[in-house]
Amino acid sequence: MSIVLPEGFGYIAVPLVSLGWVLVWQSLLVGGARKRAGIAYPQMYAEQAECKENPAAVQFNCTQRAHQNTLEAVPIAVIGTVITGLQCPCVAAALGTGFVVGRVIYTLGYKTGSPSKRLPGGFIGSLSSLGKALRCIAPIVIQALLSGLLLGATYSALKLTSVL
């Protein structure tokens, strides 16, 4: 048994490798924000009292959250890119790159300490993920609908012939 990958499948490596570098970059941002805020390990986030006294603690929390949210989204982004790449590698590479660019914009906005500034990047990343989901699901839905229509037509034809 052999697996044949479509021509251009290698293009999906661009957003997948780039996503790894984005995660490294976010980790460095978190480390710097942690140091500026004076938040010691293993404390995951600054407490509310710390945030009230220290604006750098708010920025740390937002930077940490941007990184954590990206980590939460990575499995879906990677799986969606690979599956879409099996059908349309160029579309997968483009949408995967859109996700990566969205994550960079998301992080740059969020790390300011103003959570609403993350929204443009979040929108771009979500739109990219939606595109991959639709590209993966559309053929399945179309096939199911066609099968249902054909089954329904076959059932009607059988019912009609049994009446005659």
Take atom [atom1] in [X]; do more than 12 heavy atoms of anything else shown fall under 6.0 Å from it?
X: K111; atom1: NZ; result: no
X: L28; atom1: CG; result: yes
X: E72; atom1: CD; result: yes

query: Quick one: salt bridge (Lys or Arg N to Asp or Glu O under 4.0 Å) pairs with a partner in residues 80-90, sequence neighbours left out?
result: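 Passing the test, one end in residues 80-90: no pairs.
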- prompt: Counting distance only, does the side-chain N/O of K132 pair as donor-acceptor with the main-chain N or O of A77 below 3.5 Å?
  reply: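 Looks like yes, one N/O pair under 3.5 Å.
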message: Tell me if a side-chain donor or acceptor on R34 pairs with a main-chain N or O of Q43 at a distance below 3.5 Å.
response: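 It does hold such a pair.
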My understanding is that a hydrophobic cluster links ILVMFWY residues whose side chain heavy atoms are under 4.5 Å apart, including indirect links. Using that, what else belongs to the cluster containing [X]?
X: F123; value: L127
X: V78; value: I3, L5, F9, I12, L16, L19, V22, L23, W25, L29, L71, V74, V82, L86, F99, V100, V104, L108
X: L95; value: V91

Do you know the tightest heavy-atom contact between [X] and [Y]?
X: P6; Y: P89; result: CG-CG, 3.9 Å
X: A46; Y: C51; result: CB-SG, 4.0 Å
X: E53; Y: P55; result: O-CD, 4.0 Å
X: A56; Y: A37; result: O-CB, 3.5 Å
X: V14; Y: S18; result: O-OG, 2.7 Å

query: Do N69 and R103 come within less than 4.5 Å of each other through their side chains, counting heavy atoms only?
result: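 With C-beta onward as the side chain, the pair touches.
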field: Side chain to side chain, S27 and H67, heavy atoms closer than 4.5 Å
entry: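 Yes; the side chains approach each other to less than 4.5 Å.
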query: To the nearest 0.5 Å, how far apart are CD in E47 and CG in N54?
result: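 The distance works out to 13.5 Å.
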query: About how many Å separate CD of E50 and CD of Q48, when rounded to the nearest 0.5 Å?
result: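 That separation rounds to 11.0 Å.
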- prompt: Residues in side-chain contact (heavy atoms from CB on, under 4.5 Å) with Y45, at least two apart?
  reply: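 Once residues adjacent in sequence are excluded, the partners of Y45 under the side-chain contact (heavy atoms from CB on, under 4.5 Å) criterion are N61, Q64, R65, Q68.
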task: Could you pull out all residues at least two apart from Y106 that satisfy ring pair (Phe, Tyr, Trp, His ring centres under 6.0 Å)?
output: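 If we apply the ring pair (Phe, Tyr, Trp, His ring centres under 6.0 Å) test to Y106, skipping adjacent residues, the hits are Y110.
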